[in-house]
A.B. asks: 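Quick one: the structure is below, and I'll ask about it shortly.
What you see below is based on every heavy atom in this structure, not just the backbone, and it leaves out hydrogens, waters and symmetry mates.
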There are 2 protein chains.
Amino acid sequence: MSTNIVRGPYKPGRIRAQSRDLILQAAEAEFACHGFRGATMQRIAESAKVPKANIHYYFSNKLGLYGAVLENTLNLWDTVFNEISDHDEPFDVLSRYIDAKMDFSRTHPKASRLFAKEMISGAPHLSAYLQQDYRLWFKQRMGIFESWIAQGKMDNVDPAHVIFMIWASTQYYADFEPQILIATDTKNLSEQAFLEASDSIKHIILKGCGIR
Amino acid sequence: MSTNIVRGPYKPGRIRAQSRDLILQAAEAEFACHGFRGATMQRIAESAKVPKANIHYYFSNKLGLYGAVLENTLNLWDTVFNEISDHDEPFDVLSRYIDAKMDFSRTHPKASRLFAKEMISGAPHLSAYLQQDYRLWFKQRMGIFESWIAQGKMDNVDPAHVIFMIWASTQYYADFEPQILIATDTKNLSEQAFLEASDSIKHIILKGCGIR
DNA sequence: TGAAAAGTTGACTATATAGACAACTATTGA
DNA sequence: TCAATAGTTGTCTATATAGTCAACTTTTCA
């Protein structure tokens with residue numbers, strides 16, 4: 001006797017590759033929370049509400065999925081930070097940059113955490129991507145800072161450390177949210193809280209670098 | 001015919017629980033790199049150069065081992081930061097605190113990363129530990145800052161954000177080392193590099209808060 | 001309209017992993 | 001001295017996981 005296989009309902013009509021996005025979103029959350037090795041395809045599938053086999057229809061394997069998520073995240077990163085225009089005055093440029101980074105932490109905490117996990121793990125999958133463009137971007141910004149210092153527009157502080165402080169301080173509100181919530185005894189970080197944090201960081205960085 | 005089991009050499013004479021420390025160290029590195037779920041007992045065993053079964057002799061299970069590593073790390077944390085004495089002058093107190101945190105990042109990067117991974121994952125195993133003492137410590141420090149502000153010894157910046165900036169900036173040099181190495185195009189962070197970073201952070205934080 | 005392509009699905013397989021276990025060796029201490 | 005205890009080790013088992021597969025349904029387009 002041949003047993004007819006009983007299946008769940010076939011879900012049609014998702015416009016082309018909508019499933020792909022569902023999977024990418026679920027994967028982003030799962031990888032951000034548990035890292036590459038800690039994440040499981042099963043949990044990603046459940047979270048995306050698709051069968052696990054469906055993931056393998058869209059992505060070659062776990063590493064391929066992870067790569068796609070990382071690429072997605074880096075693109076997001078770029079589009080946000082390319083909007084920063086090169087004003088001449090350090091006060092304006094840094095104010096805008098800090099606001100933009102802080103806004104990114106608020107609106108894309110999972111992307112920030114994914115990036116952080118990858119870095120803490122030694123950036124095994126990311127280092128290839130970053131080698132080229134990243135250093136160039138960094139060197140250019142360093143140059144701008146140095147010209148500001150030469151023009152007496154800011155104190156003689158190593159620009160690298162200034163940039164690291166900005167990155168560290170702004171990403172902290174996304175990556176270490178639990179620590180902040182515990183310390184401040186609150187349930188979640190409001191948009192208001194982010195704005196206040198942004199103001200404090202701007203005050204300290206700008207004044208601390210002697211920029212006015 | 002009974003086959004005699006061939007075994008590797010029995011390694012005797014390790015003074016009591018020396019193996020335990022070997023395992024704890026290996027586990028710290030593995031958990032710091034891959035997180036709780038991404039770490040495997042097999043890799044920890046290989047890294048510690050003991051058979052996997054030996055781990056289960058000292059620790060009940062994977063979660064027990066993780067808990068022991070976390071507890072170890074937290075104790076380390078405490079002993080380092082309890083050395084900070086309560087000077088009256090904010091300049092001295094914050095200078096010493098930043099130096100101490102920075103030194104911790106340099107000498108215990110794995111502990112810092114383990115802590116970071118746990119936080120980014122939502123602190124599932126840690127939140128219970130932190131609830132009690134942590135908030136108290138934080139509130140006390142906040143109070144000190146507020147008295148400084150009232151005495152006109154520093155600008156009126158929300159103390160919470162100042163503390164977060166210090167934590168973020170100092171931990172960054174341990175947690176995001178790969179990013180720093182890529183950006184600055186260097187092989188590793190020397191003690192000299194840490195000292196320079198510490199000086200930059202102190203300059204910006206102290207001046208930025210109007211402390212002199 | 002109908003065959004081919006695109007997309008979905010449950011079941012399956014091979015492997016990796018956490019943990020249990022029994023057999024062993026060294027150490028202790030009465 | 002010798003039995004009890006502490007510590008070490010290879011093997012085994014149950015389960016979890018990544019990835020495969022063939023059967024299915026819908027969509028596309030000539």
Side-chain angles (χ1 to χ4, degrees), chain A residues 1-27 29-31 33-70 124-125, chain B residues 1-27 29-31 33-70 124-125:
Chain A
M1 182 209 270
S2 72
T3 58
N4 278 339
I5 297 172
V6 179
R7 292 173 172 280
Y10 180 92
K11 293 172 196 156
R14 289 208 192 101
I15 46 174
R16 198 169 198 77
Q18 187 172 344
S19 295
R20 217 187 110 99
D21 278 346
L22 279 173
I23 294 167
L24 275 176
Q25 279 180 33
E30 176 77 0
F31 283 129
C33 192
H34 296 108
F36 176 71
R37 297 199 9 201
T40 78
M41 301 294 269
Q42 185 59 50
R43 286 172 63 100
I44 293 172
E46 281 163 16
S47 169
K49 285 168 189 159
V50 300
K52 186 160 63 78
N54 201 333
I55 298 181
H56 286 91
Y57 176 74
Y58 286 103
F59 302 94
S60 53
N61 52 27
K62 191 180 182 184
L63 195 61
L65 175 58
Y66 187 67
V69 173
L70 272 186
H125 308 284
Chain B
M1 184 211 266
S2 71
T3 58
N4 278 339
I5 297 173
V6 178
R7 292 173 173 281
Y10 179 90
K11 293 173 197 157
R14 288 211 191 97
I15 48 177
R16 199 171 198 77
Q18 188 173 344
S19 295
R20 217 187 109 100
D21 278 347
L22 278 173
I23 294 167
L24 275 177
Q25 279 181 32
E30 176 77 0
F31 283 129
C33 192
H34 297 108
F36 176 71
R37 294 190 22 193
T40 77
M41 301 295 268
Q42 185 59 50
R43 286 172 63 100
I44 293 172
E46 283 164 13
S47 168
K49 285 168 188 160
V50 300
K52 186 159 63 79
N54 202 333
I55 299 180
H56 285 93
Y57 175 75
Y58 286 103
F59 303 94
S60 53
N61 52 27
K62 192 180 181 183
L63 194 61
L65 175 57
Y66 187 66
V69 172
L70 271 188
H125 308 285

A.B. asks: Within the structure, does a side-chain N or O atom of A/Asn61 lie under 4.0 Å from either OP1 or OP2 of D/dA18?
C.D. replies: no

A.B. asks: On a heavy-atom basis, which atom in A/Val50 and which in A/Ile23 lie closest, and how many Å separate them?
C.D. replies: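 Looking at all heavy atoms of both residues, the shortest contact is CG2-CG1, 4.0 Å.
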
A.B. asks: Under a 4.0 Å heavy-atom cut-off, which of residues 38-47 of chain B touch DNA chain C?
C.D. replies: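 Output list: B/Ala39, B/Thr40, B/Met41, B/Gln42.
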
A.B. asks: Is there a donor-acceptor pair under 3.5 Å between the side chain of A/Lys49 and the backbone N or O of A/Leu22?
C.D. replies: no

A.B. asks: Any idea which of D/dA18, C/dA18, C/dT9 is nearest the A/Pro51 side chain?
C.D. replies: C/dT9

A.B. asks: Looking at B/Leu70 and B/His125, what are the two nearest heavy atoms and their distance?
C.D. replies: CD1-CB, 4.1 Å

A.B. asks: Looking only at heavy atoms, which two atoms of B/Leu65 and B/Met41 are closest? And how far apart?
C.D. replies: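 That closest heavy-atom pairing would be CD2-SD, 4.2 Å.
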
A.B. asks: If you check every side-chain atom of B/His56, which of D/dA18, D/dG10, C/dA18 has the closest atom?
C.D. replies: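 Nearest to the side chain of B/His56 among the choices is C/dA18.
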
A.B. asks: Figure out the CZ/P separation between B/Arg37 and C/dA16, and round it to whole Å.
C.D. replies: 19 Å

A.B. asks: Are any of A/Ser19's side-chain N or O atoms less than 4.0 Å away from OP1 or OP2 of C/dT8?
C.D. replies: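 Checking A/Ser19 against C/dT8: at least one side-chain N or O falls below 4.0 Å of OP1 or OP2.
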
A.B. asks: Tell me the closest heavy-atom pair linking B/Ile44 and B/Ala26, and the distance in Å.
C.D. replies: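 That closest heavy-atom pairing would be O-CB, 3.7 Å.
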
A.B. asks: What is the distance, to the nearest angstrom, from the CG atom on A/Asn54 to the C1' atom on D/dA23?
C.D. replies: 15 Å

A.B. asks: Does B/Phe59 have any ring-ring contact (aromatic ring centres under 6.0 Å, His included) partners at least two apart in sequence or in another chain, and if so, which?
C.D. replies: none

A.B. asks: Quickly work out the B/Ile55 CD1 to C/dT17 P distance and round it to whole Å.
C.D. replies: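 From B/Ile55 CD1 to C/dT17 P: 13 Å.
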
A.B. asks: At under 4.0 Å, does any side-chain N or O of B/Tyr57 touch on OP1 or OP2 of D/dT8?
C.D. replies: no

A.B. asks: Distance check needed: C/dT9 P versus A/Lys49 NZ, whole Å only.
C.D. replies: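 Atom NZ in A/Lys49 sits about 13 Å away from atom P in C/dT9.
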
A.B. asks: Taking all non-hydrogen atoms of both residues, which atom of A/Gly38 and which atom of B/Arg37 are closest, and how far apart?
C.D. replies: O-NH2, 2.9 Å

A.B. asks: Do the side chain of B/Lys52 and the base of C/dG19 come within less than 3.5 angstrom through a donor-acceptor pair of N or O atoms?
C.D. replies: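 Per atom types, the contact qualifies.
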
A.B. asks: Checking contacts here: which listed nucleotide (D/dG7, C/dC21, C/dA18) is nearest the side-chain heavy atoms of B/Tyr58?
C.D. replies: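 That would be D/dG7.
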
A.B. asks: Atom NZ of A/Lys62 and atom P of C/dT15: how far apart are they, to the nearest Å?
C.D. replies: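 One finds 18 Å between P of C/dT15 and NZ of A/Lys62, rounded.
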
